[in-house]
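Remember, it's a predicted structure, so these values are computed and weren't measured experimentally. One is the number of the first residue; the rest follow in order along the sequence. Both counts, for ligands and for their atoms, begin at 1 and track the order of listing.
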Amino acid sequence: MNRITIAIDGFSSTGKSTVAKRLAKSLGYIYVDSGAMYRAVTLYAMQNNLIQENCFDKELLITQLGAIKISFKFNEELGFAEVYLNEQNVEKQIRTLEVSQFVSQVATVSEVREQLVLQQQNFGKDKGVVMDGRDIGTVVFPDAELKIFMKASAEIRANRRYKELLERGHNLSYDDVLENVTTRDRIDSTREDSPLVKAEDAIEIDNSELTVEEQLETIKELVNHILSK
Ligand code: DC
């Protein structure tokens with residue numbers, strides 16, 4: 001076996017994508033940010049007035065799913081694939097707090113999940129993939145050779161996300177970010193369809209006190225161990 005499937009799941013803002021991107025690059029694997037796909041569907045719903053505060057027209061979104069095309073295009077300069085919604089680069093637009101506030105609701109819709117899971121499975125059909133999300137080790141790739149479950153305290157995660165959003169020029173408060181992180185944790189872990197749970201065979205990494213380098217080193221050791229079998 002020389003190419004494996006690596007599933008990285010965990011709570012929001014645990015730094016999954018930072019580690020997953022670096023890991024994919026060093027292994028020469030493709031990296032797929034499954035959360036970006038749920039965010040792109042959410043952006044579509046916002047742009048088409050299907051979701052607003054206290055109002056989500058789930059049924060109408062379901063009828064329009066066929067009109068939503070999500071793709072990834074590799075950006076040489078950035079070194080990772082950016083997400084496109086109907087041929088438009090939406091990488092920046094999907095990272096706003098507004099999208100974060102609606103995305104967990106959109107991700108509860110089974111029809112949305114069904115469509116995105118099929119596309120995610122297709123991205124990983126040849127192995128050599130690192131995918132991060134909430135249900136990658138449980139639903140998308142239950143047979144993945146390596147499953148990681150990332151966690152960190154809500155305060156540490158909110159602080160990381162807050163700094164990241166400030167750096168990108170967003171104007172918000174730490175309390176709003178903490179509230180968003182904890183609300184998403186609750187919705188993501190309690191929804192009926194594919195809730196965020198640690199797969200039985202996943203290896204848990206609490207990265208509250210770990211640097212990215214330390215996390216990478218741990219995961220690479222696990223990969224090498226699997227590949228040497
Ligand atoms: O990883 P992220 O924070 O960008 O994900 C955004 C939301 O999308 C998250 O709150 C829950 C949902 N999601 C999901 O339900 N399943 C996935 N595999 C990935 C994300």
Before signing off on this row, confirm whether [X] and ligand 1 have an N or O atom pair separated by under 3.5 Å.
X: Asp135; result: yes
X: Arg113; result: yes
X: Ser34; result: yes
X: Arg39; result: yes
X: Lys16; result: no

Tell me, with the steps shown, if Tyr44 and Gln64 meet side chain to side chain donor-acceptor pair (under 3.5 Å).
CA-CA 10 Å; Tyr44 174 93; Gln64 295 187 17; 2.7 Å; yes
Between the side chain of Glu111 and the main-chain N/O of Ile62, is any donor-acceptor distance below 3.5 Å?
no
Protein heavy-atom partner closest to atom 6 (C) of ligand 1 - residue, atom, separation in Å:
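Going atom by atom, the protein heavy atom closest to atom 6 (C) of ligand 1 ends up being Arg184 NH1, 3.5 Å.
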So which protein heavy atom does atom 10 (O) of ligand 1 come closest to, and at what separation?
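Among all protein heavy atoms, the one nearest atom 10 (O) of ligand 1 is Asp188 OD2, 2.9 Å.
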From the list Thr182, Asn207, Asp185, side-chain hydrogen bond (donor to acceptor under 3.5 Å, both in side chains) with Arg157 holds only for Asp185
Has Arg191 got any heavy atom lying under 4.0 angstrom from an atom of ligand 1?
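Arg191: in contact with ligand 1 (<4.0 Å).
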Side chain, backbone, both or neither: which part of Asp9 has a heavy atom under 4.0 Å from ligand 1?
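Asp9 to ligand 1: no contact under 4.0 Å from either part.
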Check Arg134 against ligand 1 and report side chain, backbone, both or neither, counting heavy atoms closer than 4.0 Å.
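Both backbone and side chain.
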Is there side-chain contact between [X] and [Y], with at least one heavy-atom pair below 4.5 Å?
X: Tyr38; Y: Ser104; result: no
X: Lys73; Y: Glu87; result: yes
X: Tyr29; Y: Ile4; result: yes
X: Arg113; Y: Asp135; result: yes

Taking the six-membered ring of Phe80 (Phe, Tyr or Trp), confirm whether the NZ or CZ of Lys21 is under 6.0 Å from its centre and within 45° of its axis.
yes
Out of Ala107, Ser17, Gly35, Gly137, who is nearest to atom 5 (O) of ligand 1 when you count heavy atoms only?
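Ranked by closest heavy atom to atom 5 (O) of ligand 1, first place is Gly35.
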Provide the number and element of each atom of ligand 1 under 4.0 Å from a heavy atom of Ser104.
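Reading through ligand 1 atom by atom, the close ones are 10 (O).
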Please list, in number order, the atoms of ligand 1 under 4.0 Å from a heavy atom of Ile136.
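Within the 4.0 Å cut-off of Ile136, ligand 1 contributes 18 (N).
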Is there a ring pair (Phe, Tyr, Trp, His ring centres under 6.0 Å) between Phe102 and Phe56 once you walk through the steps?
CA-CA 9 Å; Phe102 292 130; Phe56 174 26; 8.6 Å; no
